[in-house]
Enquirer: 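Quick one: structure below, then a few questions.
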Amino acid sequence: QVQLAESGGGLVQAGDSLRLSCTDSKRTFSNNAVGWFRQAPGKEREFVGAVGWRGADTLYADAVKGRFTVSRDVARSTVYLQMNSLKPEDTAVYYCAKSRYSTTSSSSSVYSGWGQGTQVTVSS
């Protein structure tokens, strides 16, 4: 079973940037879209952004549009989430997962292979 791995989280101040990475050691997601989700304490997991199999197709939640960018490096089998202008409300555990489709979706039901997540904490 595919399981992805997230990394790159940390503690930053409001306005800072972070880049998260999502790796697939078995190199199984080259033909699939990959999505990023986050879950804050006491809240449900929510969609953040996704990238299609070719990298040109991207989709973002309204809360992060214009601040976050999802991209992929096919050769390294890695997907990135570049987060700029971070806000305290971005504090959450961030997860990546592989879609069963090649195009993007915001529905968690089409994703699998969830990793352990990486904590992002933004102080004010």
Side-chain angles (χ1 to χ4, degrees):
Q1 183 177 350
V2 173
Q3 185 165 15
L4 309 182
E6 306 89 347
S7 62
L11 171 62
V12 297
Q13 294 186 332
D16 286 351
S17 299
L18 272 178
R19 189 178 77 162
L20 307 185
S21 299
C22 173
T23 57
D24 172 18
S25 60
K26 296 185 178 180
R27 297 181 173 270
T28 65
F29 68 25
S30 60
N31 295 322
N32 301 79
V34 174
W36 285 96
F37 291 76
R38 67 187 181 186
Q39 187 166 20
K43 295 187 177 181
E44 294 187 353
R45 184 169 56 192
E46 64 175 359
F47 173 75
V48 173
V51 61
W53 75 285
R54 288 191 173 186
D57 170 28
T58 55
L59 181 68
Y60 298 97
D62 287 344
V64 306
K65 202 172 292 182
R67 300 188 296 123
F68 290 12
T69 303
V70 184
S71 61
R72 69 192 303 161
D73 183 331
V74 175
R76 294 189 172 140
S77 198
T78 301
V79 170
Y80 302 101
L81 177 64
Q82 177 67 43
M83 305 186 295
N84 298 330
S85 301
L86 282 161
K87 304 176 181 180
E89 51 262 44
D90 294 319
T91 295
V93 178
Y94 284 71
Y95 301 89
C96 64
K98 169 187 167 182
S99 173
R100 70 171 74 111
Y101 305 116
S102 60
T103 54
T104 56
S105 171
S106 61
S107 173
S108 62
S109 65
V110 308
Y111 292 93
S112 62
W114 301 89
Q116 296 298 311
T118 186
Q119 176 71 47
V120 172
T121 303
V122 184
S123 63
S124 57

Enquirer: Shortest non-hydrogen contact from Lys65 to Asp62?
Expert: NZ-OD1, 3.1 Å
Enquirer: Indicate the atoms forming the closest heavy-atom contact of Leu86 with Leu18, along with that distance.
Expert: CD1-N, 4.0 Å
Enquirer: Can you pull the disulfide (SG to SG under 2.5 Å) pairs that have at least one residue in residues 66-99, sequence neighbours excluded?
Expert: Cys22-Cys96
Enquirer: Not counting sequence neighbours, list each pair that qualifies as a salt bridge (Lys or Arg N to Asp or Glu O under 4.0 Å) and has a residue in residues 28-42.
Expert: Arg38-Glu46, Arg38-Asp90
Enquirer: Answer yes or no: is there a donor N or O on one side and an acceptor on the other, between the side chain of Thr28 and the main chain of Lys26, under 3.5 Å?
Expert: no
Enquirer: Under the 3.5 angstrom rule, does the side chain of Asn32 hit a backbone N or O of Lys98 as a donor-acceptor pair?
Expert: no
Enquirer: Please, which pairs that meet side chain to side chain donor-acceptor pair (under 3.5 Å) have at least one residue in residues 6-19, sequence neighbours excluded?
Expert: Ser17-Asn84
Enquirer: Sort and list the pairs that fulfil ring pair (Phe, Tyr, Trp, His ring centres under 6.0 Å) and have at least one residue in residues 53-106, not counting sequence neighbours.
Expert: none
Enquirer: Identify the heavy atoms of Arg45 and Phe37 that sit nearest to each other, and give their distance.
Expert: CG-CB, 3.7 Å
Enquirer: Indicate yes or no for a side-chain donor-acceptor contact from Arg100 to the backbone of Ser112 under 3.5 Å, with no hydrogens or angles considered.
Expert: no
Enquirer: Would one find more than 12 heavy atoms of other residues, nucleotides or ligands at under 6.0 Å from atom CD of Gln119?
Expert: yes
Enquirer: Using salt bridge (Lys or Arg N to Asp or Glu O under 4.0 Å) as the criterion, list what pairs up with Arg27, not counting sequence neighbours.
Expert: none
Enquirer: Not counting sequence neighbours, which residues clear side-chain contact (heavy atoms from CB on, under 4.5 Å) with Ala61? List them please.
Expert: Phe47, Val64
Enquirer: List for me each residue that meets salt bridge (Lys or Arg N to Asp or Glu O under 4.0 Å) alongside Lys43, sequence neighbours excluded, and say none if there are none.
Expert: none
Enquirer: Check side-chain contact (heavy atoms from CB on, under 4.5 Å) between Ala33 and all other residues, then give those that pass, not counting sequence neighbours.
Expert: Ser99
Enquirer: Of all residues at least two apart in sequence or in a different chain, which pass the side-chain hydrogen bond (donor to acceptor under 3.5 Å, both in side chains) check with Ser109?
Expert: Ser107
Enquirer: Looking only at non-hydrogen atoms, find the nearest pair between Leu59 and Ser106 and report the distance.
Expert: CD2-N, 3.8 Å
Enquirer: Applying salt bridge (Lys or Arg N to Asp or Glu O under 4.0 Å), which residue pairs with at least one partner in residues 103-116 are found, sequence neighbours left out?
Expert: none
Enquirer: Could you tell me which non-hydrogen atom of Tyr111 sits nearest to which non-hydrogen atom of Ala50, and how far apart they are?
Expert: OH-CB, 3.5 Å
Enquirer: Among residues at least two apart in sequence or on other chains, which ones pass side-chain hydrogen bond (donor to acceptor under 3.5 Å, both in side chains) with Thr104?
Expert: Asp57
Enquirer: Indicate the atoms forming the closest heavy-atom contact of Ser21 with Thr78, along with that distance.
Expert: CB-CG2, 4.2 Å
